[in-house]
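Below you'll find the structure, written out as structure tokens, and then a few comments.
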Amino acid sequence: MAAAGRRWPPPSVSSVKEKLDDAAAENAAVAGGAGDSGNGASTSESSPAVAVLQIDMDCWGHSKMVRKLVMDYPGVDKVTVDIPARRVMVAGKFDVQCLELLLQVRSKKKVTIISAPALAIAGR
């Protein structure tokens, strides 16, 4: 009796590599705008804003908590945490100042905005 959810026979290595290559090409097309033959205005509107925040993180547990807090914030698409540099890079369409305040209150750590798009800081 086969376990639920398992496919038999297992997929071949080449088919898995093809799927990974297709997914990587699709992600690159979405992120970089490759394959978009439209004007530059449409890609700038659809590309998410990237903000860099500095927060006092001491360990992996703090970074995990910060990542969860940021990912739960509405409008955030992607979060990258750099523990040694104590920085959090956030991509999406969100209010940077509100996110900074949320992180200060919820994590009880000092948070500083390092860089953010002018549109995100100005408040839309």
Side-chain angles (χ1 to χ4, degrees):
M1 181 183 229
R6 289 193 177 171
R7 291 183 7 186
W8 194 258
S12 66
V13 173
S14 62
S15 68
V16 172
K17 285 183 180 179
E18 288 174 6
K19 288 180 182 178
L20 288 174
D21 291 340
D22 291 342
E26 183 178 321
N27 286 340
V30 169
D36 184 19
S37 60
N39 58 12
S42 64
T43 56
S44 65
E45 289 177 9
S46 63
S47 65
V50 177
V52 180
L53 303 170
Q54 185 168 4
I55 184 168
D56 291 336
M57 292 180 289
D58 299 330
C59 64
W60 183 79
H62 286 145
S63 69
K64 186 177 176 183
M65 176 192 58
V66 168
R67 178 186 294 274
K68 183 174 180 351
L69 286 172
V70 174
M71 282 304 293
D72 289 344
Y73 193 79
V76 173
D77 296 329
K78 184 178 178 183
V79 178
T80 305
V81 179
D82 185 5
I83 298 171
R86 298 177 181 217
R87 294 194 178 188
V88 179
M89 284 136 316
V90 186
K93 295 183 180 180
F94 56 94
D95 188 3
V96 177
Q97 292 174 336
C98 287
L99 181 63
E100 176 193 19
L101 184 62
L102 172 93
L103 284 173
Q104 282 182 354
V105 170
R106 297 291 304 269
S107 68
K108 298 176 184 165
K109 302 283 184 185
K110 182 181 177 187
V111 180
T112 307
I113 299 173
I114 300 297
S115 69
L119 200 93
I121 291 177
R124 291 153 275 321

**OP:** Could you tell me whether the side chain of Thr112 reaches within less than 4.5 Å of the side chain of Leu53, counting heavy atoms only?
**Re:** no
Original post:
Which residue pairs pass the side chain to side chain donor-acceptor pair (under 3.5 Å) test with at least one member in residues 77-88, sequence neighbours excluded?
Top reply: none
Subject >> Inter-residue atom distance Leu102.CG - Tyr73.OH, 0.5 Å rounding >> reply: 7.0 Å
**OP:** Identify the two heavy atoms, one from Phe94 and one from Ala51, that lie closest to each other, and give their separation to 0.1 Å.
**Re:** CZ-CB, 4.0 Å
**OP:** Using modelled atom types only, decide if a donor and an acceptor are shared between the side chain of Gln104 and the backbone of Val111 within a distance under 3.5 Å.
**Re:** yes
Original post:
Taking a hydrophobic cluster as the set of Ile, Leu, Val, Met, Phe, Trp and Tyr residues connected by side-chain heavy atoms closer than 4.5 Å, whether directly or through intermediates, do Ile113 and Val70 fall within one such cluster?
Top reply: yes
Subject >> Distance-minimising heavy-atom pair for Cys59 and Ile83 >> reply: O-CD1, 4.3 Å
**OP:** State yes or no: do Val50 and Leu99 share one hydrophobic cluster built from I, L, V, M, F, W and Y residues joined by side-chain heavy-atom distances below 4.5 Å, directly or via other members?
**Re:** no
Original post:
Which residue pairs satisfy the salt bridge (Lys or Arg N to Asp or Glu O under 4.0 Å) criterion with at least one member in residues 62-73, sequence neighbours excluded?
Top reply: Lys68-Asp72
Original post:
Taking the side chain as C-beta and beyond, is there a heavy-atom pair between Lys109 and Met57 under 4.5 Å?
Top reply: no
Original post:
Is Leu101 reachable from Leu69 through a run of I, L, V, M, F, W or Y residues, each pair having side-chain heavy atoms under 4.5 Å apart?
Top reply: no
Original post:
Is Ile55 reachable from Met89 through a run of hydrophobic residues whose side-chain heavy atoms are each under 4.5 Å from the next?
Top reply: no
Original post:
Passes side-chain contact (heavy atoms from CB on, under 4.5 Å), Leu103 versus Lys110? Steps please.
Top reply: CA-CA 8 Å; Leu103 284 173; Lys110 182 181 177 187; over 6 Å; no
Subject >> Met65 side chain near Ser107 side chain, heavy-atom distance below 4.5 Å >> reply: yes
Original post:
Should Val96 and Met71 be counted in the same cluster of Ile, Leu, Val, Met, Phe, Trp and Tyr side chains packed under 4.5 Å apart?
Top reply: yes
